[in-house]
Amino acid sequence: MKIRECNYWLDTLEKPQIPQRDLPSVKDVAVIGGGFTGLSAARTLAKGGTRVAVLEAENIGWGASSRNGGMVLSGLKLGIPTLMARYGRESAKRMYAASLESIDCVESIVREENINCDFSRCGHLEVACKPKHFADFRRGAETIEREFGHKLRIIEKSDLPGEIGSAIYHGGLVDEVSAGLNPARYVAGLSGAAIRAGAEIHEKTRVTRLQRNSRNGNSGWRVTTSRGEMHAQDILIATSGYTGEITPLLQKKLIPIGSFIIVTEILTEMSARELNPRGRMIYDSKNYLYYFRLTPDRRMLFGGRAAFFPENENTVRESARILRQGMIEVYPQLRNANVEYAWGGTLDFAFDIMPHAGSIDGMYYSAGYAGHGVAMATLLGKKIAEAIVSGRDENPFAGIPFPGAPLGLYNGRPWFLPFAGAWYKLLDLVS
C-alpha cells in the first residue's frame with residue numbers, strides 16, 4: 001500500500017469553518033500564530049474582556065499543534081538534576097509543578113469547553129535503552145518524590161511485558177498523570193472556545209511587518225499583514241518552530257527542528273493489546289529518541305527525530321523509511337503491518353532546551369517547548385495572557401536567562417543541524 005504523505009489526525013477531523021471577516025483596524029492585543037499557545041492566550045484574554053485578534057498565516061493548527069503525537073506529558077525536556085543545578089531547588093520545584101499544572105490546564109479546558117478530542121489520563125511510560133539509563137530513572141524518581149512530592153513508578157525489566165510488547169528495553173518509568181489526546185481535534189476545539197469567548201480569528205493572514213507607533217496618544221504597534229494593516233496595543237508572538245524574520249531577536253534564540261511520524265493501518269484488538277497493554281504514551285531514553293502510542297482507532301503511531309531538518313517532501317519520505325525500520329526494531333511483530341500515513345512538523349528548541357515566556361523587544365512571547373508543547377503551550381499561553389492584562393508575569397520561566405547561540409553564530413537559519421544530529425547520535429552510542 002502506498003504511504004500517504006499527510007497528517008493522519010486531519011483525517012479524523014471535520015475542519016472548523018471560521019468565516020473570513022475584514023481585518024479590524026484596532027485591537028488591544030494581536031496574537032501572531034494560531035496554535036496551542038495563541039489560541040489558549042486568546043481564549044483567556046477574551047474571557048477577561050480584552051479585544052483580541054489571532055492572525056494565522058495558514059489555517060488554525062497548521063503547524064506543530066496538529067502535527068504532533070498528541071502526548072500531554074509531565075516533566076520538562078531537561079532532567080531534574082540539571083534543572084536543580086542550573087536554577088536551584090525552589091525554581092526547579094516551581095518549573096516541575098508547572099509541568100503538572102499544564103496537564104490539569106488542558107483537562108480543564110477540554111471539560112469546560114466540551115472538546116471532543118479523546119483526552120485520556122492514560123499515563124506515560126519512558127523506556128530505558130541501556131541499563132545505565134534505568135539506573136538514572138531510579139535516581140530521578142527518588143529525587144522527584146523526595147524534593148517535589150510527586151510519585152513515579154519504576155518498572156523493572158521483568159515487569160515490562162505488562163506495559164509494552166517489546167523485549168529490547170531495560171526497564172521503565174511510569175507517570176500516571178500524563179495523558180493523550182487527538183491534537184487536531186483539540187486545537188480545533190480551542191479555536192472554537194476562543195471565538196465563543198469573543199476573540200477574532202483571521203486565517204490566511206500572514207504578518208509581514210511589526211512597527212512601533214502610537215494611536216490617539218497611546219503607544220502600540222502597527223501590524224502589517226497580507227490582508228491589510230491594523231493597530232494593536234500589545235503583541236503576542238506565538239509562532240514556536242515557525243518563528244520568522246519579523247521577530248529577528250526571537251528567531252535567533254530558537255532552533256527549528258523537524259520531528260516526523262508514521263501511522264500504520266488499523267490493528268486487531270489482540271495485536272494492539274499486545275503492543276501497548278495499558279494504552280500508554282511511550283518514549284525512549286535516547287537523545288535521538290522514538291515516541292509511540294496507539295491511536296483511538298488502534299493504529300500504531302510512531303515518531304522521532306529521524307531528520308533534524310524541518311519538514312519537506314524529501315525529509316518526510318526519508319524519515320518514513322527510517323521510522324519504519326525503527327518501529328520494527330521495537331516491535332518485530334509489526335514487520336508486515338502497512339504504514340498508511342507519514343508527515344512531519346517543526347518543533348522549537350531554545351539553546352538551553354528550556355521553555356521561555358515573557359517579553360522581548362517590547363513584545364510578549366512564549367516558545368521553546370522542545371516536544372512538550374501540547375500541555376506547556378496551553379498553560380503558558382494562558383499565563384502570558386494573564387501577564388498582559390495584569391502586568392505581573394508569574395510563570396516560572398519568565399525570569400530565567402534566554403541565551404542565544406555562542407559567539408552569535410546563528411541568524412535563525414540552522415546551518416549546524418547536521419552536526420548536532422551527528423553529535424546526539426554519538427552521545428547515544430557512548431552514554
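The backbone N or O of Ala30 sits nowhere less than 3.5 Å from a side-chain atom of Gln233 that would complete a donor-acceptor pair. Under a 3.5 Å cut-off, the side chain of Ser166 and the backbone N or O of Val330 do form a donor-acceptor pair. With hydrogens and angles ignored, the 3.5 Å screen pairs no side-chain donor or acceptor of Arg293 with any backbone N or O of Gly180. Ser271 contributes no side-chain N or O that, together with a main-chain N or O of Leu267, makes up a donor-acceptor pair within less than 3.5 Å. Panel note: side chain Arg196, backbone Ser191; no donor-acceptor pair is recorded below 3.5 Å. In this structure a side-chain-to-backbone donor-acceptor pair under 3.5 Å is missing from Ser214 to Ser219. No side-chain donor-acceptor contact under 3.5 Å links Thr82 to the backbone of Leu78. Although no hydrogens or angles enter the test, the distance criterion places no donor-acceptor pair under 3.5 Å between the side chain of Ser74 and the main chain of Leu100.
Residues Asn7 and Ser66 form a side-chain contact, since some pair of their non-hydrogen atoms from C-beta on lies under 4.5 Å apart. Between Val223 and Ile235 the shortest side-chain heavy-atom distance falls below 4.5 Å. The closest side-chain heavy-atom distance from Arg273 to Arg298 is not below 4.5 Å. You'll find the side chain of Val26 reaches within 4.5 Å of the side chain of Arg51, heavy atoms only. Within the 4.5 Å cutoff, the side chain of Leu275 has heavy atoms near those of the Leu334 side chain. Within the 4.5 Å cutoff, no side-chain heavy atoms of Leu347 are placed close to those of Pro256.
To the nearest 0.5 angstrom, Leu10 atom CG is 10.0 Å from Asn59 atom CG. The CD1 atom of Ile109 sits 11.0 Å away from the CD atom of Glu107 when rounded to the nearest 0.5 Å. Here the CG-CD distance, from Leu249 to Gln251, works out to 10.0 Å after rounding to the nearest 0.5 Å. Taking CD of Glu163 as the reference point, atom CZ of Arg280 lies at 4.5 Å (rounded to 0.5 Å). Once rounded to the nearest 0.5 Å, the distance linking OG of Ser359 with CG of Leu236 reads 11.5 Å.
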Next on the checklist: Asp297 vs Arg299, test: salt bridge (Lys or Arg N to Asp or Glu O under 4.0 Å). Steps then yes/no.
Outcome noted: CA-CA 6 Å; Asp297 62 350; Arg299 300 172 187 268; 3.1 Å; yes
Next on the checklist: With side-chain hydrogen bond (donor to acceptor under 3.5 Å, both in side chains) as the criterion, how do Thr12 and Asn182 come out once you've worked through the C-alpha distance, each side chain's angles and the decisive distance to 0.1 Å?
Outcome noted: CA-CA 9 Å; Thr12 72; Asn182 178 323; 2.7 Å; yes
Next on the checklist: Run Leu210 and Ile237 through side-chain contact (heavy atoms from CB on, under 4.5 Å) and show every step you take.
Outcome noted: CA-CA 11 Å; Leu210 296 170; Ile237 306 299; 4.1 Å; yes
Item to check | Pair His372-Leu76, side-chain contact (heavy atoms from CB on, under 4.5 Å): steps then yes or no | outcome: CA-CA 7 Å; His372 285 243; Leu76 300 169; 5.7 Å; no
Item to check | salt bridge (Lys or Arg N to Asp or Glu O under 4.0 Å) evaluation trace for Arg121 with Glu176 | outcome: CA-CA 7 Å; Arg121 289 270 193 169; Glu176 299 284 359; over 6 Å; no
Checklist entry - Can His170 and Phe134 be said to form a ring-ring contact (aromatic ring centres under 6.0 Å, His included), step by step? => result CA-CA 6 Å; His170 297 270; Phe134 184 60; 8.8 Å; no
Next on the checklist: Using the rule given for salt bridge (Lys or Arg N to Asp or Glu O under 4.0 Å), can you reason through Arg153 versus Glu145, listing the C-alpha separation, both sets of side-chain angles and the distance that settles it, and then say yes or no?
Outcome noted: CA-CA 10 Å; Arg153 186 157 56 88; Glu145 184 171 12; over 6 Å; no
Checklist entry - Passes side-chain contact (heavy atoms from CB on, under 4.5 Å), Ile400 versus Met354? Steps please. => result CA-CA 9 Å; Ile400 65 175; Met354 287 292 292; 4.2 Å; yes
Checklist entry - Between Leu125 and Val127, is a side-chain contact (heavy atoms from CB on, under 4.5 Å) present by the stated rule, with each step listed? => result CA-CA 6 Å; Leu125 168 69; Val127 284; 3.8 Å; yes
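The existence of a salt bridge linking Glu101 and Lys383 is confirmed by a sub-4.0 Å separation between a basic side-chain nitrogen and an acidic carboxylate oxygen. The existence of a salt bridge linking Lys252 and Glu245 is excluded, since no basic side-chain nitrogen approaches an acidic carboxylate oxygen closer than 4.0 Å. Here Glu142 does not pair with Arg139 in a salt bridge; the nearest charged N to carboxylate O distance is not below 4.0 Å. The pair Arg206-Glu56 fails the salt-bridge criterion, with no side-chain N (NZ, NE, NH1 or NH2) lying under 4.0 Å from an Asp/Glu carboxylate O. Between Arg89 and Glu147, at least one side-chain N (NZ, or NE/NH1/NH2) sits under 4.0 Å from a carboxylate O, which counts as a salt bridge. Ion pairing between Asp159 and Lys157 fails under the 4.0 Å rule for side-chain N and carboxylate O.
Between the side chains of Glu112 and Ser108, at least one donor-acceptor pair of N or O atoms lies under 3.5 Å. Between the side chains of Asp11 and Tyr341, at least one donor N or O sits under 3.5 Å from an acceptor N or O. Checked by atom type, the side-chain pair Asp28/Thr50 shows no donor-acceptor distance below 3.5 Å. In summary, the side chains of Asp348 and Thr243 do not present any donor paired with an acceptor at a separation below 3.5 Å, with no hydrogens or angles considered. No side-chain N or O of Tyr169 forms a donor-acceptor pair with one of Ser285 less than 3.5 Å apart. Using a 3.5 Å distance cut-off with no hydrogens or angles, the side chains of Asp393 and Asn395 do pair a donor with an acceptor. With no hydrogens or angles considered, no side-chain donor-acceptor pair links Ser40 and Arg43 at under 3.5 Å.
Residues passing the salt bridge (Lys or Arg N to Asp or Glu O under 4.0 Å) test with Lys253, sequence neighbours excluded: none.
In this structure, Phe292 and Tyr331 have perpendicular ring planes: the angle between them is above 60°, well past the 30° mark.
Aromatic ring centroids of Phe260 and Phe302 lie 6.0 Å or more apart. In this structure, Phe36 has its ring center under 6.0 Å from that of Tyr186. Between Phe349 and Tyr369, the distance separating the two ring centers is not shorter than 6.0 angstrom. Between His356 and Phe397, the ring center distance fails the sub-6.0 Å criterion.
For Lys151, the NZ atom is loosely surrounded, since the number of other residues' heavy atoms within 6.0 Å does not exceed 12. Annotation: Arg212, atom CZ; neighbour count of heavy atoms from other residues, nucleotides and ligands within 6.0 Å is above 12. Taking a 6.0 Å sphere around CZ of Arg146, one finds it holds more than 12 heavy atoms contributed by other residues, nucleotides or ligands.
The two residues Met71 and Ile282 have their closest heavy-atom pair at CE-O, 3.6 Å. Closest approach of Val52 to Leu45, counting heavy atoms only: CG2-CD1, 4.0 Å.
Applying the ring-ring contact (aromatic ring centres under 6.0 Å, His included) test to every pair with at least one member in residues 78-124, sequence neighbours left out, gives these pairs: Tyr96-Phe148, Tyr96-His150, His124-Tyr283.
With Trp62 as the aromatic partner, Arg67 meets the cation-pi criteria of under 6.0 angstrom to the ring centre and within 45 degrees of the ring axis.
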